[in-house]
Amino acid sequence: MKVVIVGGVAGGATAAARIRRLDEQAEIIIFERSGFISYANCGLPYYIGDIIKQPRALTLQTPESFLSRFRIKTKVLHEVSAIYPEKKTVLVKNLKTGEEFQESYDKLLLSPGAKPVLPNLTGIDSDKLFTLRTVEDTFRIKEFIDKNKPKSAVMVGGGFIGLEMAENLCNLGMDVTIVQRPKQLMNPFDSDMAAFIHNEVRKHGVKLALGYSVEGFREKDDGIDVLLKGQQAIHTDMVVLAIGVVPESKLARDSGLDLGLKGSILVNDHMQTSVPDIYAVGDAVQVKHYVTGEDSLIALAGPANKQGRIAADNICGGDSRYSGSQGSSVIKVFDMTAAVTGINETNARKSGLDVDTVILSPMSHASYYPGGKLMTMKIVFENKTWRLLGAQIVGYEGVDKRIDVLATAIHAGMKATKLKDLDLAYAPPYSSAKDPVNMAGFIIDNISKGLKQWHLKDAVNLPRDRSVTLLDTRTAGEYLAGHIEGFKNIPVDALRGRIKEIEKGKPVYVICQSGLRSYIATRILEGYGFEAWNFAGGFRFYNAVMNDRALIEASFDCGMDKS
């Protein structure tokens, strides 16, 4: 059997190695358009930021090591420009010499990845404007920085690449601004959770221009102007464009393969395309979202590697199936960690699901053990069925551990109420006897048994007349330091003694700093016959989100005024 693989990064390289492990006699050839194979895309920003010092650390394999260990021929700087399914050949061009030739195959695997979105804007071809996708892109940016010593940079786009690049350029001493059309960074997160990411980024000096549209670029005064719709331009030394990626599917389209979302390659759960003996994997393919079942594009290394393995199994006569992508991801944001899995509340509602959420702020480990830090968790679940749909966590230590537990629970089809039953490892330096994941389960279980919640979106519509009671159960000092207008302060420890101050027959909406004391207060109030509602997230959450929204609507730190 002869297998030709187009693309030698995550999906292609994984498939090649797996095919060899399953079939020692197979002839395997990889054609890779760039000069590198099996490189670590996710590590590229950290090489630019001098965290990763050696360029060779970015490449997990080389053509020589692949040949030596796996007897796989790898041809870098070779571009496959056409597929002839009826002849089972591909047209290949040697980018060094210009020579073209045809290569036959028994099975063909496409792993072309995705390419950065390049909008049709004036000045897009400036040599001070960069995208980051390949090792060559990385070297180009690194060379520009080393040669020109830029003092400022603008990131256009606030997703994974944009945020990682902003951090690394900031750590090099640059004045960094992120411009983003949506009013938040990191769209896999809900806007309320993104507020904590925004705060961390601002704390390290990065300026945020959220809700602004870029109209073009203009080289000026040894730098480049970023032209914004209806606003003054931002002058900077360099620009990195990171507004997203689209499937690299021209080869598939020209060859008559069926396409899906945004021109992605359609595959079945065996990773087979519409043409016999042609498979496709990675960022270029359309997949099913594991939670919603909807068609999706999810450009992440984990799914690409799994798809490569599954395709290889099937190429070798197996019966492996891809069950869908869940979108589990994690990102370092300066000193903070942010992670997500499944779907967020925004997308769940867009999908027509009837959902609720819980928000909690547990410590990373036992509070009595030094060094613990707060994390903010948001769990999304379906009403009535209690199906676990997604989770978002922003914090410091232990975020990655909890998101992986929740990702596993979602994949296993676990109900959100059952999170309370998970038997998770505990020692004071690492967790609490009631792990944060268990705590989320306790809250959801309480809701399933009648606990009433109110949410941030309800705050603006709460009556400020005498039809309800608004109660803040923090200490007097906390209350004086900041509170929501209209809320009466009775500390939880004084509540039983002052219960007569709360008028009977009216719903009581309760808040505290994190949600724990207000929960205790709701139980006390219920014991005295009141209808009590607990605020999800606490005043800490409310204050962070509202302050962030005010900053976004006002201006950003370059002095730009939206009015």
Side-chain angles (χ1 to χ4, degrees), residues 1-44 47 52 54-81 83 88-97 99-114 133-139 248 251 271 277-285 300-318 320:
M1 179 176 64
K2 181 177 180 181
V3 183
V4 169
I5 297 175
V6 180
V9 192
T14 294
R18 177 68 173 170
I19 291 168
R20 172 58 71 228
R21 291 194 294 272
L22 296 176
D23 187 343
E24 181 61 25
Q25 304 309 316
E27 180 183 358
I28 307 168
I29 304 174
I30 298 175
F31 293 111
E32 167 57 43
R33 182 171 54 189
S34 76
F36 301 87
I37 65 157
S38 191
Y39 58 84
N41 297 74
C42 302
L44 301 181
Y47 173 71
I52 298 172
Q54 297 299 325
R56 63 177 177 271
L58 296 172
T59 52
L60 307 177
Q61 294 283 352
T62 64
E64 294 76 21
S65 68
F66 237 39
L67 181 63
S68 173
R69 176 163 294 183
F70 297 110
R71 202 160 48 87
I72 293 170
K73 298 176 185 176
T74 305
K75 303 290 186 180
V76 296
L77 297 173
H78 280 68
E79 182 175 17
V80 175
S81 56
I83 304 170
K88 284 198 166 183
T89 63
V90 294
L91 181 64
V92 186
K93 182 176 183 179
N94 184 326
L95 298 179
K96 277 186 176 180
T97 65
E99 173 198 2
E100 287 190 326
F101 59 92
Q102 290 195 29
E103 189 76 45
S104 64
Y105 66 84
D106 295 311
K107 305 286 184 180
L108 176 65
L109 175 67
L110 305 179
S111 182
R133 190 66 181 171
T134 67
V135 174
E136 286 89 347
D137 294 336
T138 309
F139 292 159
E248 182 71 271
L251 177 63
M271 308 312 298
D277 296 320
I278 300 180
Y279 296 74
V281 300
D283 296 354
V285 305
L300 293 169
N305 277 278
K306 295 180 186 70
Q307 293 160 15
R309 178 185 174 92
I310 288 167
D313 287 352
N314 294 318
I315 285 170
C316 293
S320 292

Smallest heavy-atom separation, Asp277 atom then Tyr105 atom, equals O-CE1, 4.3 Å
Is it true that, when you exclude Lys88 itself, more than 12 heavy atoms of the residues, nucleotides or ligands shown sit nearer than 6.0 Å to its NZ?
yes
Step by step, would you call Leu108 with Val6 a side chain to side chain contact (heavy atoms under 4.5 Å, CB included)?
CA-CA 8 Å; Leu108 176 65; Val6 180; 4.0 Å; yes
Less than 4.5 Å apart, side chain to side chain, heavy atoms only: is that true for Ser34 and Glu136?
yes
Kindly say whether Gly308 contributes a backbone atom to a donor-acceptor pair with the side chain of Arg18 at under 3.5 angstrom?
no
Hey, could you give me the NZ/CD distance between Lys73 and Glu27, rounded to the nearest 0.5 Å?
4.5 Å
With a 4.5 Å heavy-atom cut-off, do Phe31 and Val4 have their side chains touching?
yes
If you measure from CD1 on Ile30 to CD on Glu32, what distance do you get to the nearest 0.5 Å?
8.5 Å
Give the minimum heavy-atom separation between Ala16 and Ile28, together with the two atoms involved.
O-CD1, 3.7 Å
Provide the closest heavy-atom pair for Val76 versus Phe36 in the form atom of the first, atom of the second, distance.
CG1-N, 4.2 Å
When rounded to the nearest 0.5 Å, the distance separating CG of Leu22 from CG of Asn314 is 10.5 Å
Could you check if a side-chain atom of Pro63 sits within less than 4.5 angstrom of a side-chain atom of Ile37, using non-hydrogen atoms only?
yes
With side chains defined as the heavy atoms from C-beta onward, is the minimum distance between Arg69 and Ser65 less than 4.5 Å?
no
Is the CZ atom of Arg21 crowded by more than 12 outside heavy atoms at less than 6.0 Å?
yes
Distance-minimising heavy-atom pair for Ala15 and Ala312
O-CB, 3.5 Å
Nearest non-hydrogen partners of Asp313 and Ser320, listed with the distance
OD2-OG, 2.7 Å
Before giving the answer on side chain to side chain contact (heavy atoms under 4.5 Å, CB included), spell out for Val285 and Met271 the whole-Å C-alpha distance, their side-chain angles and the decisive distance to 0.1 Å.
CA-CA 9 Å; Val285 305; Met271 308 312 298; 4.1 Å; yes
Met1 versus Ile315: any side-chain heavy-atom pair under 4.5 Å?
yes
How long is the straight-line distance from OG1 of Thr138 back to OH of Tyr47, given to the nearest 0.5 Å?
8.5 Å
With heavy-atom distances below 4.5 Å as the criterion, would you say the side chains of Val135 and Leu44 are in contact?
yes
Among Val90, Leu91, Val80, which one satisfies side chain to side chain contact (heavy atoms under 4.5 Å, CB included) with Leu251?
Val80
Taking every non-hydrogen atom, the tightest pair across Ala304 and Gly282
CB-CA, 3.8 Å
Would you call Glu103 and Lys2 a side-chain contact if the rule is heavy atoms closer than 4.5 Å?
yes
Expected output: side-chain Arg309 to main-chain Thr14 donor-acceptor under 3.5 Å:
no
Flag side-chain contact, heavy atom, 4.5 Å: Phe101 against His78
yes
Taking 4.0 angstrom as the limit, do Arg33 and Glu248 come out as a salt bridge?
yes
Identify which one of Ile19, Val3, Ile5 satisfies the side chain to side chain contact (heavy atoms under 4.5 Å, CB included) criterion when paired with Lys107.
Val3
